[in-house]
Amino acid sequence: MKKIVTRFPPSPSGYLHVGGARTALFNWLYARRMKGTFVLRIEDTDVRRSTTASVDAIFEALEWLGIDWDEGPFYQSKRFDIYKEYIQKLLDSGHAYYCTCSPEQLEVMRKTAMATDGKVKYDGTCREKGLGKTENAVVRFKAPLTGTTVLHDVIKKNIVFQNSELDDFIIQRSDGTPTYNLAVVVDDITMGINTVIRGDDHVSNTPKQILLYKALGSPVPDFGHVPMVLGKDRSRLSKRHGAMSVTAYRDMGYLPDAVLNYLVRLGWSFGDQEFFTKAELIEKFNLENIGRSAGVFDKDKLLALNADHIKATPPDQLAKHLIPFLKERGVNAEEGEFLESVIKTLNKRSKTLLEMAEGAIFYYVDDFSYEEKAAKLFFKPGVLDMLKLLTEQLEQTEDFSEKNLETVFESFIETTGLKFGKIAQPLRSALTGKTVSPGIFEVLEVLGKDRTISRLNKAVQFIMSK
RNA sequence: GGUCCCAUCGUCUAGUGGUUUAGGACGUCGGCCUCUCACGCCGGUAACACGGGUUCGAAUCCCGUUGGGAUCACCA
């Protein structure tokens, strides 16, 4: 059985968006699953639109997702000699010819075609002229006029194209640089790529590429065209659909594995299973279960999945991801037991790391101010005595474990005759400044005795000064 | 407009001729739990685009219609 070689070939003209990440993921997963090779190639033949900033952004996104590559990154811009060589081969074998039709002429033809029968095709003016190389000449591929070219797609099954619909597309621009279809084919041939998984939007290019493979006498790889990812309005995903860059999700507090999980499940399924760890994905991913219809990107489902991944990730691992978010909020938390205990109180109530970081601040910061709602609702003169009494009680308590605290409060309820809610809510506001927080015993335990007492005293002062 | 692709709840999907009163998840609605918010649990809502065939039998196969998407560059 042959060794699978897949690739991801982004063009560096912007950040890596979720659609691109998904095709990268499919290729990566398939290579990993089949114990094959995954190649990264930067398609920067269009010098005007490619930037190194985009290249870096793509690396950054891929690394964050945990998608690593075995070979590359290769840059097409450094391979122009190879393309020239192959173009010459095509010229020599009669599969290509020089064309001197000007862009303006072509534009006119295109306009007319669109307006009349809708068939936009190069008319073959230079096809049989046998022109030599001249200034500003482009090289066109001499495509067959009759017959059919069939694409045996592993996802979409067979797609038949009439060669009469294809035209003599340009393979070398007038400035001597290769055009996309030529460059991909040459790269895929020379890099030994035998499995091409890519977006649906490439199917119409595929017959041209197949023809190129044949003209070059190279074996045609397996193609698999995955359906597009659509926006809420069912049109192709774009900026106006909101945050689409992978790193934007990182910054919003998503876990890379959650994003991975969501992206794969959008278009691929494994029975009824919704939650997958990265290891499970590598173990279970296949091409057969990729669907044939386009899918709408659903932020709510991603969010729910992120919450699931947060719950499933061990606190010590979550800590690494959370620390940067705390730092942004001025909290210099360190990995360790304390942070982990903080996380344990928050992981079931946070859908994102950002949310978790917000919820964790009060554990670290002592001089917080009270939320208006908290002060108004729970810091009434009537609670003063209770709070004072409770402070005394807690001062005498040495064991601040959740379990022991519960019994302490039980007896406190008995002696005061108060409802638990009447105690817990003011206490919560005193300790956190807010009306919502993790369970009160959890908060007490994590905060510890000293901080609890001082925050209680501060609250008492606050109420008296009102 | 030409070419190509697609079509199950609002969304992602399971389903590959009978085991289906079409299953799961997200969302949504109601309830339980409860110290707040969550989590969790229980329950409800909601789909085979339409029309013809084929067949004893069709969400599953075929054809057409409609609808949606992609693509038509000296971009990738």
Side-chain angles (χ1 to χ4, degrees), chain A residues 9-13 43-46 48-50 76 99 101-103 106-107 110 113-121 136-140 151 153 156 159-162 165-167 169-181 183-184 199-207 225 227-228 230 232 234-236 262 265-275 289 291-305 307-308 311 346-351 355 359 374 377-378 409 419-429 432 434-441 443:
Chain A
S11 69
S13 54
E43 307 215 324
D44 55 353
T45 54
D46 185 354
R48 287 170 311 169
R49 306 209 315 191
S50 304
Q76 288 189 325
C99 166
C101 296
S102 72
L106 264 18
E107 186 58 31
R110 196 162 25 243
M114 274 290 201
T116 55
D117 62 352
K119 287 191 192 297
V120 180
K121 251 185 89 169
N136 286 330
V138 300
V139 178
R140 283 183 186 275
L151 159 59
D153 197 280
K156 296 180 176 291
I159 303 177
V160 179
F161 298 90
Q162 296 300 321
E165 296 290 340
L166 274 25
D167 74 343
F169 55 97
I170 294 172
I171 55 177
Q172 184 179 66
R173 291 185 268 258
S174 53
D175 64 0
T177 58
T179 217
Y180 168 74
N181 284 117
V184 224
D200 226 349
D201 50 340
H202 283 282
V203 308
S204 54
N205 281 319
T206 312
H225 288 91
M228 301 271 84
L230 272 23
K232 198 103 194 144
R234 300 211 132 263
S235 72
R236 194 181 170 162
Y262 177 72
R265 259 305 330 243
L266 178 56
W268 174 82
S269 61
F270 192 78
D272 282 339
Q273 189 172 346
E274 300 282 348
F275 184 95
N289 292 337
R292 293 122 301 161
S293 53
V296 174
F297 189 86
D298 182 359
K299 291 192 198 67
D300 286 337
K301 191 146 185 180
L302 206 207
L303 186 63
L305 212 41
D308 287 343
K311 281 192 278 264
L346 258 14
N347 60 176
K348 287 196 170 40
R349 30 178 56 83
S350 312
K351 289 188 192 297
E355 224 180 283
L377 239 44
F378 306 120
F409 274 76
K419 287 264 222 175
F420 186 65
K422 294 287 178 195
I423 303 164
Q425 284 300 75
L427 175 58
R428 182 188 321 280
S429 296
T432 70
K434 298 183 275 196
T435 56
V436 309
S437 83
I440 199 67
F441 298 122
V443 171

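Protein chains get the first letters and strands the later ones, always in sequence-line order, with residue 1 at the start of each.
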Go through [options] for me and flag the one nearest to the [X] side chain.
X: A:S204; options: B:U71, B:A14, B:G10; answer: B:U71
X: A:Q76; options: B:U11, B:A7, B:A76; answer: B:A76
X: A:A304; options: B:A7, B:G27, B:C35; answer: B:G27
X: A:R292; options: B:G24, B:A7, B:G40; answer: B:A7
X: A:E165; options: B:C35, B:U3, B:C37; answer: B:U3
X: A:E43; options: B:G27, B:A76, B:A7; answer: B:A76
X: A:I440; options: B:C35, B:C39, B:C72; answer: B:C35
X: A:V436; options: B:C37, B:G2, B:C12; answer: B:C37
X: A:T179; options: B:G1, B:A7, B:C74; answer: B:C74
X: A:K156; options: B:C6, B:A25, B:U13; answer: B:C6

Can you check the [X] [atom1] to [N] [atom2] distance for me, whole Å?
X: A:M228; N: B:C4; atom1: CE; atom2: P; result: 19 Å
X: A:F270; N: B:G15; atom1: CZ; atom2: C1'; result: 15 Å
X: A:Q273; N: B:A14; atom1: CD; atom2: C1'; result: 13 Å
X: A:L303; N: B:U11; atom1: CG; atom2: C1'; result: 14 Å
X: A:L230; N: B:G10; atom1: CG; atom2: C1'; result: 15 Å
X: A:I159; N: B:U3; atom1: CD1; atom2: P; result: 15 Å
X: A:K121; N: B:U3; atom1: NZ; atom2: P; result: 12 Å
X: A:D167; N: B:A73; atom1: CG; atom2: P; result: 8 Å

Tell me if the side-chain of [X] makes a donor-acceptor pair with the base of [N], cut-off 3.5 Å, by modelled atom types.
X: A:D44; N: B:A76; value: no
X: A:K301; N: B:A25; value: yes
X: A:S437; N: B:C37; value: no
X: A:R349; N: B:C37; value: yes
X: A:D117; N: B:G2; value: no

Report yes if some heavy atom in the side chain of [X] is under 4.5 Å from a heavy atom in the side chain of [Y]; otherwise report no.
X: A:L302; Y: A:F297; answer: yes
X: A:K156; Y: A:D200; answer: yes
X: A:E274; Y: A:K301; answer: yes
X: A:H225; Y: A:I159; answer: no

Partner nucleotide of [N] by Watson-Crick or wobble geometry (both distances under 3.5 Å):
N: B:G67; value: B:C6
N: B:U28; value: B:G44
N: B:U19; value: none
N: B:C39; value: none
N: B:G1; value: B:C72

Separation between the [atom1] atoms of [N] and [M], rounded to whole Å:
N: B:U11; M: B:U45; atom1: C1'; answer: 15 Å
N: B:A49; M: B:G67; atom1: P; answer: 16 Å
N: B:G44; M: B:A22; atom1: P; answer: 14 Å
N: B:C72; M: B:G10; atom1: P; answer: 33 Å
N: B:G64; M: B:A46; atom1: C1'; answer: 30 Å
N: B:C50; M: B:A59; atom1: P; answer: 11 Å
N: B:G23; M: B:C48; atom1: C1'; answer: 13 Å
N: B:A58; M: B:U8; atom1: C1'; answer: 14 Å

Heavy-atom count around A:K434 NZ within 6.0 Å, excluding the residue itself: above 12? yes
Under a 3.5 Å cutoff, is there a donor and acceptor pairing between the side chains of A:D175 and A:T177? yes
At 4.0 Å (heavy atoms only), tell me whether [X] reaches a base, stays on the sugar-phosphate, or touches nothing.
X: A:S293; result: sugar-phosphate
X: A:V138; result: base
X: A:H202; result: base
X: A:P438; result: base
X: A:K422; result: nothing
X: A:T45; result: sugar-phosphate
X: A:G439; result: base
X: A:G267; result: sugar-phosphate

Look at [X] and [N] and indicate whether a side-chain polar atom (N or O) is within less than 4.0 Å of OP1 or OP2.
X: A:R236; N: B:U71; result: yes
X: A:R234; N: B:C12; result: yes
X: A:R110; N: B:A73; result: yes
X: A:S269; N: B:A14; result: yes
X: A:T116; N: B:G1; result: no

Can you tell me how far CD1 of A:I440 sits from OG1 of A:T432, rounded to the nearest 0.5 angstrom? 7.0 Å
Between CZ of A:R49 and OG of A:S11, what distance do you get to the nearest 0.5 Å? 7.0 Å
Starting from the 5' end of RNA chain B, give me the residue, A:G271 or A:C101, whose nearest nucleotide shows up first.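 In this pair, the answer is A:G271.
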Quick check: on RNA chain B, is the nucleotide nearest A:V120 upstream (toward 5') of the one nearest A:P178, or the reverse? Name the residue that is more 5'. A:V120
State, to 0.1 Å, how close A:S437 and A:R428 come at their nearest heavy-atom pair, and which atoms those are. OG-NH1, 2.8 Å
So, A:R349 and A:E355, do they make that salt bridge, N to O below 4.0 Å?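 Looking at A:R349 and A:E355, the cut-off is not met.
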